[in-house]
Protein chains: 2
Amino acid sequence: MVDILHRVGIKTPTPHKVYDALTTVEGLASWWTDDTKGDGDVGGVLRFRFPVGGFDMEVVELRPSERVAWRVVDGPEEWIGTTIDWDLRQAGDYTIVLFRHQGWREPVEFMHHCSTKWATFLMSLKSLVETGEGAPAPRDVPISDWH
Amino acid sequence: MVDILHRVGIKTPTPHKVYDALTTVEGLASWWTDDTKGDGDVGGVLRFRFPVGGFDMEVVELRPSERVAWRVVDGPEEWIGTTIDWDLRQAGDYTIVLFRHQGWREPVEFMHHCSTKWATFLMSLKSLVETGEGAPAPRDVPISDWH
């Protein structure tokens with residue numbers, strides 16, 4: 001098993017805005033992909049669509065301003081059944097976001113690609129919260145034919 | 001053991017420019033950190049310095065336009081003894097870069113941070129080769145007190 005792990009500090013006085021950006025359709029559409037729909041409550045399914053493909057995530061856990069967890073229920077074969085979790089905590093001027101995308105069966109090239117893309121979208125989340133402006137798909141920078 | 005894995009496609013007709021950016025002091029200084037010194041030949045040591053800390057890398061392997069491998073010989077405790085390798089190949093209009101930072105003993109928070117930073121520096125390498133302009137430290141975007 002191999003994991004994608006990331007960490008980013010977002011300059012904001014409380015985790016509130018970050019939590020909102022991870023749990024509302026409007027927030028998610030502002031840093032990950034414009035084409036976000038669905039239900040962000042526990043047990044609901046969020047549908048993320050990109051110029052190439054997309055993902056459906058079941059919301060597994062929500063702890064306000066602390067933790068968000070999803071399970072992938074549809075999307076590329078390698079993603080199905082994997083889990084994505086976000087842990088938030090405040091450290092001085094920063095909300096620290098710990099990100100894990102776990103349950104990959106093999107470190108295939110597509111996983112390497114997704115690791116890089118997650119980082120760029122975390123930078124988009126940071127920018128959204130700090131400046132009001134993210135860079136969600138399709139305004140992200142493509143890094144290969146997988147986008 | 002946990003690894004940092006990334007993949008980026010760089011629009012350029014051959015891997016030549018990417019290989020140069022990974023193996024010359026001038027190239028490395030143009031996407032990773034302004035303060036790069038040392039000897040890029042096999043057996044040489046490259047010294048990378050940042051506003052916070054730095055790394056010394058022994059060059060372990062060089063295969064022109066195909067592969068670069070480093071071993072960390074000085075730097076943060078978690079990095080010492082880890083290895084970083086870069087595999088390049090041409091796929092149509094893109095040079096595909098497969099990046100691996102291996103040998104981490106534990107998935108500590110600092111590793112999560114480094115995973116995110118590597119991705120942003122890979123985007124800087126991409127930008128350097130595609131546009132002539134990278135974003136090396138100290139012109140990178142800090143993502144926490146670790147920078």
Side-chain angles (χ1 to χ4, degrees), chain A residues 1-12 18 52 78 85-102 104 106-131 134-135 140-147, chain B residues 1-12 18 52 78 85-102 104 106-131 134-135 140-147:
Chain A
M1 297 278 253
V2 282
D3 304 330
I4 296 173
L5 306 174
H6 287 299
R7 180 188 194 271
V8 70
I10 299 179
K11 212 163 190 178
T12 182
V18 179
V52 179
E78 298 92 333
D85 55 73
W86 310 79
D87 283 301
L88 313 181
R89 71 167 193 274
Q90 195 65 19
D93 296 338
Y94 288 96
T95 295
I96 303 294
V97 179
L98 273 184
F99 170 93
R100 294 182 204 86
H101 185 171
Q102 296 179 300
W104 291 82
E106 298 287 338
V108 290
E109 280 203 28
F110 184 53
M111 180 195 167
H112 292 61
H113 164 86
C114 295
S115 175
T116 310
K117 288 302 292 192
W118 272 125
T120 65
F121 285 120
L122 283 162
M123 295 304 284
S124 168
L125 169 65
K126 175 179 170 70
S127 172
L128 172 69
V129 172
E130 292 182 357
T131 73
D140 57 328
V141 176
I143 61 171
S144 78
D145 293 341
W146 286 322
H147 275 247
Chain B
M1 296 281 253
V2 282
D3 303 331
I4 296 173
L5 307 174
H6 288 298
R7 180 187 193 272
V8 69
I10 299 178
K11 211 163 190 178
T12 182
V18 179
V52 178
E78 297 92 335
D85 55 73
W86 310 79
D87 284 302
L88 314 181
R89 71 167 195 274
Q90 196 65 21
D93 295 338
Y94 287 97
T95 295
I96 302 294
V97 180
L98 274 184
F99 170 93
R100 294 181 203 88
H101 185 172
Q102 297 179 300
W104 291 82
E106 299 288 339
V108 290
E109 280 204 27
F110 184 53
M111 181 196 165
H112 293 59
H113 164 87
C114 295
S115 175
T116 310
K117 288 301 292 190
W118 273 125
T120 66
F121 285 120
L122 283 163
M123 295 303 284
S124 168
L125 168 64
K126 175 179 170 70
S127 172
L128 172 69
V129 172
E130 292 182 355
T131 73
D140 57 328
V141 177
I143 61 170
S144 78
D145 293 341
W146 286 322
H147 275 247

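Letters A, B, ... mirror the listed sequences (proteins, then strands); counts begin at 1. All values reported here derive from a predicted model rather than from experimental measurement.
Here the straight-line distance linking atom CD1 of A/Ile4 with atom CD1 of B/Ile4 works out to 12.0 Å at 0.5 Å rounding. Between B/Leu122 atom CG and A/Thr120 atom OG1 the span is 11.0 Å, to the nearest 0.5 Å. Within the model, atoms NE2 of A/His6 and CE of B/Met111 stand 10.0 Å from one another, a figure rounded to the nearest 0.5 Å.
With B/Leu5 as the fixed residue, the side chain to side chain contact (heavy atoms under 4.5 Å, CB included) test singles out one of A/Glu109, A/His113, A/His112: A/His112.
No part of B/Trp118 comes within reach of chain A, as not one of its non-hydrogen atoms sits under 4.5 angstrom from that chain.
The shortest side-chain heavy-atom distance between B/Met123 and A/Ile143 falls under the 4.5 Å cut-off.
In this view, B/Glu78 and B/Pro76, B/Trp104, B/Val108, B/Phe110 satisfy the side-chain contact (heavy atoms from CB on, under 4.5 Å) rule, not counting sequence neighbours.
For the set A/Ser115, A/Pro142, A/Ser144, the count of heavy-atom pairs under 4.5 angstrom toward chain B peaks at A/Ser115. Among A/Asp145, A/Leu98, A/Val8, the residue making the largest number of heavy-atom pairs under 4.5 Å with chain B is A/Leu98.
Side-chain atoms of A/Thr116 come within 3.5 Å of backbone atoms of B/Arg7 as a donor-acceptor pair (strictly under, hydrogens ignored).
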